[in-house]
Structure formats: C-alpha cells, structure tokens
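Chain A is the first sequence line, chain B the second, and so forth, proteins listed ahead of strands; every chain is numbered from 1.
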Amino acid sequence: MSVRVRFAPSPTGKVHIGNIRTAIFNWLFARHEKGEFLLRVEDTDRERSTQEAIDALFACMSWLGLDYDGEIIYQASRTPAHLEAAQKLLAENKAYYGKAADGEKAPLLFRIPLNADDIPAVRTVGPAEIEIAPEQPVQISAAGVSFAIISRKGNPTPAEGCLAGFKDLKVLGNDGSCQFDLAANWGAVVGGQEFTVENGVRLAFTRREVFYQDMIKGELAKPLDSMKDQVIVRSDSTPIFHLANVCDDCYQNITHIIRGDDHVENTYRHILLFHQLGYPIPQYAHLPMIVNQQGKPYSKRDGDAFVGDFRSKGYLAEALFNYLTLLGWSPGDDREKMTKAEMVESFRLERVKSAPAQFDLNKLQNLNGMYIAEMASADFLAWAAGFAAEYQVPADTSSRQFADVALLMQSRTRQAENIREWGYFFSDEFEYNDKAVKKQLGNDAIRFGLEHFKSALATVLEFAPAEAEQLIRSTEKAVGLDEGKLNQPLRLAASGVTSGADIGSTLAMIGKEKMTGRIDRLLAHFNRIIAEA
RNA sequence: GUCCCUAUCGUCUAGAGGCCUAGGACACCGGGUUUUCAUCCCGGCAACGGGGGUUCGAAUCCCCCUGGGGAUGCCA
C-alpha cells in the first residue's frame with residue numbers, strides 16, 4: 001500500500017514553529033516515499049478554532065511550499081461519523097456509559113478490550129505483583145481496579161487501571177491468603193457488580209502490555225494495568241479528540257502517523273481503538289519537541305515562535321524550511337544547506353533524533369544569509385523593497401538608486417533588519433558613531449585631508465567608484481597621509497558608521513554634491529563634540 | 001507522586017564495540033584576502049553528565065544516580 005500521511009493541526013492559534021516542523025517532516029516523508037500528504041483541520045474545538053487561524057495556517061504552508069494532496073478535511077464536519085463509530089463500539093460492547101455527573105448525561109467510555117490476548121498489539125509480559133497500602137480498600141468494577149500504591153517515600157498514592165489490565169487478579173492479604181479472585185467473579189464484575197476488598201497488601205496478576213515499533217523511538221510498550229478506559233463521547237454528546245482523530249485516520253486511510261512526542265502516551269490507546277474499530281494499525285513515528293533558547297518548551301509567551309513572524313522578520317521560506325529540517329534530523333553526512341530535492345531524497349524517519357532540540361536563532365540567521373546571498377538580483381530587490389518602509393529607508397523602492405544600493409548590500413544582508421542600515425544612501429539624516437568620530441578625526445592631518453578631499457571633489461567631472469577611490473588616493477598623497485588613512489573618516493562622513501560596502505562604491509553612490517555637504521557636516525559635528533567634552 | 005522517553009562542544013549534530021588523541025556546522029577568538037565592512041581562505045577555543053558493570057577493548061551494550069522532556073483531562 002502506498003504511503004499516506006497527514007498533518008492535522010487544530011486551528012486554535014497561530015501556527016507555531018513546532019507544529020510546522022511536524023508538517024515538514026510529514027511532507028518530507030510523503031515526498032520521499034512518493035506517497036500522499038493530506039491535510040486535516042481538527043477544528044472540533046468550536047470555542048477556540050478561528051477562521052483567522054485557518055487562513056494563517058494555509059498562508060504559512062504555501063509560503064513554505066508544503067503542498068498537500070487531495071481535499072482538506074474539516075474534522076468538525078465529520079462529527080456524525082465519529083458519533084456513529086461510537087455507537088458501533090457501544091453496540092459491540094467495546095464501549096460503555098460511565099457515571100453521570102449531577103444532572104448530566106453519562107459520558108461514553110472506550111473499554112480497553114477485555115479479550116486483549118486476541119490482539120496482535122498486546123502481549124503477555126508475565127506474572128506481576130504490586131504492593132499496595134492496606135489501609136486503602138481495593139475497588140473492583142467494570143470500570144477498572146482502583147487501589148493505593150506505596151510511593152518511594154512510603155506514602156499511599158492512589159492508582160487505578162482498567163479491568164483488562166487485571167484479568168486474573170488476586171488480591172492478597174497480609175498472610176498471603178487470597179482476599180479476592182477476579183477470575184472467579186469475572187462474570188459478576190463485567191455484569192456491573194462492584195467489589196470492595198479490605199486489607200489487601202498485594203495485587204498479583206499476569207501483566208500484559210500494548211506494544212508497537214516506533215519508527216523513531218524503537219519498540220515502546222505500556223502495561224494494560226497502567227491504562228484507563230477513556231471517555232470518547234462527552235456528556236454533551238460531542239466526540240473527544242482521540243475518537244475523532246482515530247476515526248479520521250481510518251477514514252483517510254492513513255498509513256503512517258508522524259506527530260509530536262507529546263502523543264506517545266496516547267498511542268497505546270489509539271492502537272486499541274484502531275483495532276476495535278476494525279482498521280489496520282498504522283505505523284507511528286514520534287518527533288522530539290523543539291525547545292526555545294532558554295531550553296524550555298515553547299509556550300504562548302514565546303511570541304517569536306509563530307511561523308508568520310519569521311516571514312515578516314525577513315527569513316526566507318527556504319532558509320526556515322532547511323533550518324527546521326535540521327532540528328532533530330540530519331542526512332548522516334556533513335551536508336547542511338540542502339535543496340528541497342536533496343532533503344526529500346535523503347529523508348529517513350529512522351534518522352530522526354529522539355531527544356528535544358533547542359532552537360538556535362544564530363544558525364537560522366546564518367543559513368538565511370546564505371540563501372539571501374544567492375538570491376537572483378530581481379528576487380532580492382523585490383524582497384528588500386518589501387521591507388524598506390518598515391525599516392525607515394526613505395527611498396523610492398522602484399528607483400534605479402534603490403536597486404544599486406540593494407545589490408551593493410546584498411552580500412551583507414542576513415535578515416531584513418539589516419536593511420535599516422541602508423538609510424544613509426537616501427537621506428542626510430543619520431546619527432554618528434561618536435566614539436568612532438573622535439577616534440578618526442582626532443588627528444589634524446585627517447581633518448585637513450577631509451577638507452582637501454572636499455575641494456578636490458569640486459574639480460572632478462566623473463565620480464564613479466574607480467574615480468572616487470582614485471581621488472581618495474591622490475588626496476592622501478597630496479596631504480602626506482598613508483594610503484587608506486582617509487577611508488574610515490570618509491565613511492563616517494558618508495554614513496556615520498564604520499562599516500559598509502567598499503568605499504569607492506559607497507561614495508560614488510551618494511554622489512559629489514551630497515558628499516561635499518556631508519564632509520562639512522561631519523567636521524562641524526566633530527567640533528561640537530570636542531567642545532562639549 | 002507515578003509511568004514513559006531522553007542525555008556527545010554554548011547550540012544543531014556525526015558516531016550503531018576497535019577507524020575517536022571524538023568529525024562537521026553555527027556562535028566566539030585569532031590570522032590572511034578585501035587599503036574599510038561583508039563574502040572567502042587558514043587556524044584556535046570547546047563535548048562523550050556522574051558512578052558502577054560487561055569486554056582484551058565502550059561515546060557506543062547493561063544497571064544505578066543526576067539533569068532535561070513528555071504523560072498522567074468529559075483539552076487537542
């Protein structure tokens with residue numbers, strides 16, 4: 001059967017970096033296996049699901065190039081089917097009504113199958129014994145067995161498990177005598193009778209467990225006696241996530257479920273649900289979580305964890321996609337910057353790590369810079385133009401001048417925020433780095449050189465990069481300065497700061513007239529800060 | 001509290017008993033190129049959490065501890 005995976009977000013907030021990483025891994029796996037990548041919107045939480053969140057989700061997915069196959073399924077529209085499945089389980093005695101709270105309808109519970117031995121995903125571990133606190137009576141009913149274990153510190157701690165987990169349970173007393181034999185009372189208990197057993201010190205039974213092979217984590221298992229029957233239909237008759245999720249996975253013929261680590265505990269129950277519903281059990285792969293730069297799980301407070309924010313901060317989709325892929329996965333060799341095609345080709349779930357990965361903005365920025373550096377000029381221009389206003393660059397972004405500046409600065413742009421530093425090309429309004437001004441202009445010869453350069457400027461006709469640089473050299477020579485000594489002072493005059501593109505191009509781009517004014521302005525500024533000091 | 005998962009440089013990772021005096025990348029620090037800056041090149045700093053085993057040999061296997069994460073809902 002060909003691979004079918006799904007991404008099933010619930011649109012209750014903006015898509016988060018961890019969610020989209022799950023989508024990416026599903027997508028990568030599907031494309032690698034030449035299978036299908038389906039999208040299911042789990043909007044059953046009517047209170048918190050919003051259209052806005054759904055729109056944002058689509059926007060993020062298409063931005064990242066996560067194309068999906070087939071029709072989108074909206075889970076809320078399938079509620080009748082979920083309820084129908086619940087009724088079927090009830091009719092087959094695979095579910096039962098629990099206790100109703102005051103004035104409410106009873107919720108429907110999924111029963112961990114009593115005949116679990118017949119299920120391939122369940123295996124017998126062997127005899128087991130649990131020490132229990134004798135002061136706490138053991139309660140036995142169709143809903144399960146409840147008792148109190150003794151914690152490491154010796155305190156009685158409440159515990160309970162489903163009936164199926166204790167099929168041949170014997171409650172043993174202090175003298176080793178059997179206080180209660182479940183097998184002997186099986187019919188009565190299943191029939192609804194409740195038993196309370198006092199003074200038990202030990203539970204003896206055959207332990208069985210649900211197990212499966214996780215494609216990332218390896219073999220995982222959970223004892224039946226640690227599982228509880230789970231509500232699948234609420235008192236208000238709405239289906240619960242577990243039911244809806246499993247039903248829809250059946251409906252969509254999902255073959256591989258790739259999701260976050262936080263779902264491993266649910267998996268055992270889901271496996272049983274698949275089985276009881278009469279569907280084949282899919283393969284599972286649980287992805288490690290992504291933690292923030294403090295090493296903590298992302299929470300609502302980590303505002304910058306929303307995918308859309310990365311876009312608006314100027315991260316390229318390719319860079320973010322590439323970076324996220326590297327969080328918890330590597331191709332097994334030294335490649336890091338990879339094309340989508342390369343990632344699809346090398347992607348193996350088996351190579352996904354199993355421990356949480358910490359998000360590193362530095363590395364993302366570096367990768368982003370690499371992607372920016374190789375953008376086609378036209379693309380870079382369009383991208384940069386989109387951020388000019390936001391970063392107060394007073395330029396007509398369709399102008400020739402803007403294009404020249406952008407291309408000159410492309411190789412030193414790692415994030416959109418760097419565009420803020422282009423302002424001096426377009427406006428005389430910029431701040432000086434005073435520390436640098438003091439350092440660079442403290443020398444009389446330098447200030448003289450600047451004056452000299454200014455006058456020389458008036459005499460030149462051509463002021464292209466090469467000529468500008470030539471003029472600096474000849475000025476230095478004329479006033480007796482070593483070569484290069486005028487570079488930084490002129491850069492300060494031009495931009496107020498000490499770093500930028502090459503000096504000739506920078507001056508030429510600003511132009512003769514403006515440079516003349518800016519040299520005067522720098523000199524005046526220097527005199528002012530010296531006077532103040 | 002209980003159950004489960006997990007643990008290599010600050011960070012992302014390579015490593016599946018000898019190829020490891022542990023490799024790459026980011027960050028950081030030097031040096032070179034660029035008469036500035038960035039790119040680029042060269043170099044440096046820096047890790048197997050601790051303790052027990054198993055083995056001729058352990059980052060790799062087992063156990064314990066510690067740290068981190070998850071789960072313990074009529075949330076998803």
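- Distance Asp502(A) CG to U39(B) P: 15 Å, rounded to the nearest Å.
- Following rounding to the nearest Å, Leu471(A) (CG) and U35(B) (C1') show an atom-to-atom distance of 16 Å.
- In this entry the distance linking NZ of Lys363(A) with C1' of C28(B) reads 14 Å, nearest Å.
- The partner of C74(B) is absent, by the rule that a Watson-Crick or G-U pair needs both atom distances under 3.5 Å.
- Note: Phe25(A) and Phe347(A) meet the aromatic proximity criterion, with ring centroids under 6.0 Å apart.
- Residue contacts for Gly98(A): at a heavy-atom cut-off of 4.0 Å it reaches no nucleic acid atom on any strand shown.
- Counting any heavy atom pair closer than 4.0 Å across all strands shown, Ile503(A) reaches a base atom.
- Arg259(A) comes within contact range of no nucleotide atom at all, as no heavy-atom separation falls under 4.0 Å.
- In this structure, the CD atom of Gln213(A) is 15 Å from the C1' atom of C5(B), given to the nearest Å.
- Between the P atom of C26(B) and the CD atom of Gln293(A) lies a distance of 17 Å, rounded to the nearest Å.
- Nucleotide C9(B) is matched to nothing when pairs are restricted to Watson-Crick or G-U wobble geometry with both distances under 3.5 angstrom.
- Taking atom CD on Glu374(A) and atom C1' on C40(B), their separation rounds to 15 Å, with Å as the unit.
- Base contact: Glu336(A) has a heavy atom under 4.0 Å from a base atom.
- Looking at heavy-atom distances under 4.0 Å, Arg335(A) makes no contact with the nucleic acid at all.
- Applying a 4.0 Å cut-off to non-hydrogen atoms, the residues of residues 148-159 of chain A that approach RNA chain B are Ile149(A), Ser151(A), Arg152(A), Thr157(A), listed by residue number.
- For C40(B), the paired nucleotide is G32(B), the pair qualifying as Watson-Crick or G-U wobble because both relevant distances are below 3.5 Å.
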Give me, pair by pair, the N or O atoms of the protein and of nucleotides 71-76 of chain B that are less than 3.5 Å apart, along with how far apart they are.
from	atom 1	to	atom 2	distance (Å)
G73(B)	OP2	Lys228(A)	NZ	3.4
C74(B)	O2	Ser235(A)	N	2.8
C74(B)	O2	Ser235(A)	OG	2.9
C74(B)	N3	Ser235(A)	OG	2.2
C74(B)	N4	Ser235(A)	OG	3.4
C75(B)	OP2	Arg234(A)	NE	2.2
C75(B)	OP2	Arg234(A)	NH2	3.1
C75(B)	O3'	Arg234(A)	NH2	3.1
A76(B)	OP1	Arg234(A)	NH2	2.3
A76(B)	OP2	Arg234(A)	NH2	3.2
A76(B)	OP2	Phe241(A)	N	3.1
A76(B)	O2'	Ser10(A)	OG	2.9
A76(B)	N6	Asn266(A)	ND2	3.2

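- Rounded to the nearest Å, the gap between the P atom of A46(B) and that of U11(B) is 16 Å.
- Of the candidate nucleotides U35(B), U36(B), G24(B), U35(B) has the atom nearest to the side chain of Glu483(A).
- The residue Ile232(A) sits apart from the nucleic acid: no heavy atom pair falls under 4.0 Å.
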